[in-house]
J.: 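Before I ask anything, let me first share the structure, which is written out below as structure tokens.
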Amino acid sequence: MGQVSLARFLIEQQRAGHINADLRLLIEVVARACKSIAHAVSKGALGGVLGDAGTGNIQGEAQKKLDVLSNEILLEANEWGGHLAACASEEMDHCQPIPNAYPKGNYLLLFDPLDGSSNIDVNISVGTIFSVLRCPDGVTEPQDEHFLQPGNTQVAAGYTVYGPSTMLVLTVGTGTHAFTLDREQGSFVLTQRDMRIPEDTKEFAINMSNQRHWFEPMQRYVGELLEGKTGPRGKDFNMRWVASMVADVHRILTRGGIFIYPRDRKDPDKPGKLRLMYEANPMSFVVEQAGGAATNGYERILDLQPGQLHERVAVFLGSKNEVEVATRYHREAGDR
Ligand code: AFP
């Protein structure tokens with residue numbers, strides 16, 4: 001069999017009854033938008049796109065020019081296709097309905113248009129994360145509340161990592177599959193079907209500078225990793241932290257590992273840094289479909305009922321047995 005493009009892969013998924021034509025076209029539109037973002041990212045300083053936009057988002061974070069540009073690219077690409085009822089983004093306070101000039105579809109799209117944006121100006125990998133939900137029956141004018149569905153209802157999710165090569169990693173609930181952008185052809189080509197995360201690992205990813213703020217179960221868990229071969233875990237662990245979730249998760253999908261962003265005492269009102277709906281949920285779907293696990297330290301992330309569009313959540317994801325150990329320590333400690 002020759003090369004399998006994303007378009008062909010999606011047609012095959014449709015023929016097998018896993019997705020319908022609307023969802024197929026929606027994913028193709030997202031992929032097309034990611035190609036445009038890849039193009040903008042790769043121009044770097046020559047494209048005049050580096051640096052701050054001079055604005056802030058709902059989370060109070062400074063927006064980069066590429067955050068704003070990527071958000072616009074995704075919105076524009078998706079508004080006219082007829083597959084969506086509304087979009088929501090890290091960069092917008094509330095969801096955005098599809099303009100009346102265009103037909104409306106049955107899906108809701110959430111995205112973090114450019115994750116890891118503090119890495120843009122230093123030429124380190126960044127990415128786009130997306131999640132697709134069904135618009136609830138009978139809802140013609142979706143509001144924020146209609147997006148508040150647990151991650152286990154996602155019909156598709158994935159990310160694109162803009163690294164040395166641009167890769168799209170996708171799940172529609174039939175495994176996790178990786179596509180590499182062929183820049184000459186302008187198409188995503190299937191380069192790994194059914195990614196599998198090794199169940200055991202010797203690599204962890206965490207921002208260690210927050211250690212003094214962690215709660216007891218985190219101190220215990222990472223403390224034991226650091227003790228290495230002579231400690232209770234009986235093996236040496238290595239650490240990696242890109243500070244772009246997309247890049248860290250991509251490494252874990254490729255060779256295993258555990259990624260952790262816990263809740264801590266620094267800002268106890270915030271349950272972690274990462275956002276549930278457009279970071280943790282899509283990444284958890286992708287990771288579980290590759291045989292990994294994802295929890296908030298206590299419960300499966302995909303079973304959490306969201307209360308707000310921009311809700312934050314603690315994240316433990318990656319190699320199954322490692323996520324189980326970290327989750328067990330939290331459950332044993334009992335406090336939250
Ligand atoms: P930015 O998009 O603000 O750079 O944040 C990236 C991120 O949400 C996620 O991609 C990283 O894993 C995490 O934050 C990095 O957090 P630290 O700044 O604590 O290293």
Side-chain angles (χ1 to χ4, degrees), residues 41 59 61-62 64 66-67 90 112 114-129 159-165 167 169 195 197-198 200-215 217-228 231 233 235-267 270-276 278-280 282-284 286-287 290 292-297 301 312-323 325-327 329-330:
V41 167
Q59 341 276 334
E61 296 159 344
K64 298 278 179 187
L66 267 174
D67 282 324
E90 180 183 15
D112 179 352
L114 207 65
D115 181 63
S117 51
S118 64
N119 275 328
I120 293 169
D121 295 346
V122 289
N123 200 12
I124 290 175
S125 298
V126 289
T128 298
I129 311 173
Y159 63 82
T160 302
V161 57
Y162 310 109
S165 61
M167 291 187 75
V169 173
M195 300 179 93
I197 301 176
D200 292 296
T201 183
K202 288 176 154 187
E203 208 160 60
F204 66 104
I206 192 163
N207 184 343
M208 283 294 296
S209 69
N210 291 324
Q211 182 171 18
R212 68 189 181 285
H213 305 296
W214 294 344
F215 293 99
M218 273 303 296
Q219 300 288 2
R220 175 185 175 199
Y221 174 68
V222 175
E224 288 184 3
L225 301 187
L226 296 178
E227 281 185 70
R233 300 300 308 275
K235 56 181 177 179
D236 290 335
F237 281 80
N238 192 13
M239 199 201 84
R240 287 286 181 270
W241 185 249
V242 182
S244 283
M245 187 192 198
V246 173
D248 279 312
V249 169
H250 191 69
R251 184 187 60 253
I252 287 168
L253 273 161
T254 309
R255 68 175 191 216
I258 181 169
F259 171 97
I260 309 173
Y261 215 114
R263 190 171 71 91
D264 63 28
R265 289 196 185 87
K266 189 163 66 177
D267 201 346
K270 285 187 189 159
K273 179 182 182 191
L274 302 178
R275 276 46 65 111
L276 173 60
Y278 40 81
E279 292 182 320
M283 288 310 203
S284 299
V286 162
V287 161
T295 75
N296 64 354
I301 286 178
R312 294 173 192 263
V313 67
V315 175
F316 297 71
L317 64 74
S319 291
K320 202 174 191 162
N321 293 338
E322 213 42 58
V323 174
V325 175
T327 304
Y329 286 9
H330 282 75

J.: In sequence, state the C-alpha distance, the side-chain angles, and the governing distance for Asp236 and Lys202, and then conclude on side-chain contact (heavy atoms from CB on, under 4.5 Å).
T.: CA-CA 7 Å; Asp236 290 335; Lys202 288 176 154 187; 5.9 Å; no
J.: Sort out for me which residue in Val246, Val249, Val286 forms a side-chain contact (heavy atoms from CB on, under 4.5 Å) with Ile129.
T.: Val246
J.: Please say whether more than 12 non-hydrogen atoms of neighbouring residues, nucleotides or ligands are located less than 6.0 Å from CG in Asn123.
T.: no
J.: For Met245, does its backbone N or O pair with a side-chain atom of Asp115 as donor and acceptor, under 3.5 Å?
T.: yes
J.: I would like to know whether Gln211 and Gln219 meet side-chain contact (heavy atoms from CB on, under 4.5 Å); could you show each step before the answer?
T.: CA-CA 7 Å; Gln211 182 171 18; Gln219 300 288 2; 3.6 Å; yes
J.: With no hydrogens and no angle check, just 3.5 Å: does a side-chain donor-acceptor pair link Glu322 and Tyr221?
T.: yes
J.: Check Ile258 against Ala326 and note the closest heavy-atom contact, atom names and distance.
T.: CD1-CB, 4.3 Å
J.: I'd like to know if the side chain of Arg312 reaches the main chain of Arg275, judged simply by a donor and an acceptor atom lying under 3.5 Å from each other, with no hydrogens or angles considered.
T.: no
J.: Evaluate side-chain contact (heavy atoms from CB on, under 4.5 Å) for Leu226 paired with Phe204, printing each intermediate quantity in order.
T.: CA-CA 10 Å; Leu226 296 178; Phe204 66 104; 3.9 Å; yes
J.: Quick one: does Thr128's side chain have a donor or acceptor within less than 3.5 Å of a partner on Tyr159's backbone?
T.: no
J.: Looking only at heavy atoms, what is the nearest atom pair of Ala294 and Ser284, with distance?
T.: CB-OG, 3.3 Å
J.: Can a salt bridge be assigned to the pair Glu279 and Lys273 using a cut-off of 4.0 Å between side-chain N and carboxylate O?
T.: no
J.: Side-chain contact, heavy-atom cut-off 4.5 Å: Met218 with Ile206?
T.: yes
J.: Heavy atoms only: give me the nearest Pro262-Phe316 pair and the separation to one decimal.
T.: CB-CZ, 4.3 Å
J.: What residue among Val287, Thr254, Leu317 forms side-chain contact (heavy atoms from CB on, under 4.5 Å) with Ile197?
T.: Val287
J.: To check you understand the geometry: which heavy-atom pair defines the closest contact between Ser319 and Thr201, and what is its length?
T.: OG-CB, 3.6 Å
J.: Does the side chain of Leu114 reach to within under 4.5 Å of the side chain of Tyr162, using non-hydrogen atoms?
T.: yes
J.: Are side-chain heavy atoms of Met208 and Trp214 found at a separation under 4.5 Å?
T.: yes
J.: Please check if the side chain of Asp248 supplies one atom and the backbone of Val242 the other of a donor-acceptor pair under 3.5 Å.
T.: yes
J.: Measuring only between side-chain heavy atoms, which start at C-beta, is Ile120 closer than 4.5 Å to Val41?
T.: no
J.: Side chains of Ser244 and Val161, heavy atoms from C-beta outward: is any pair under 4.5 Å?
T.: no
J.: If you compare all heavy atoms of Arg263 against all heavy atoms of Ala314, which two are closest, and at what distance to 0.1 Å?
T.: N-CB, 3.7 Å
J.: Please work out whether the ring planes of Trp241 and Tyr261 are parallel, tilted or perpendicular, with thresholds of 30° and 60°.
T.: tilted
J.: If you round to the nearest 0.5 Å, how far is CZ of Arg255 from CD of Glu203?
T.: 4.0 Å
J.: What are the two closest non-hydrogen atoms of Ala280 and Val315, and how far apart are they?
T.: CB-CG2, 3.8 Å
J.: What about Phe215 and His330, are their ring centers closer than 6.0 Å?
T.: no
J.: Where do Leu274 and Phe259 land on the side-chain contact (heavy atoms from CB on, under 4.5 Å) test, with the steps shown first?
T.: CA-CA 12 Å; Leu274 302 178; Phe259 171 97; 3.6 Å; yes
J.: Could you tell me the separation between the CE atom of Met167 and the OG atom of Ser125, rounded to the nearest 0.5 Å?
T.: 11.5 Å
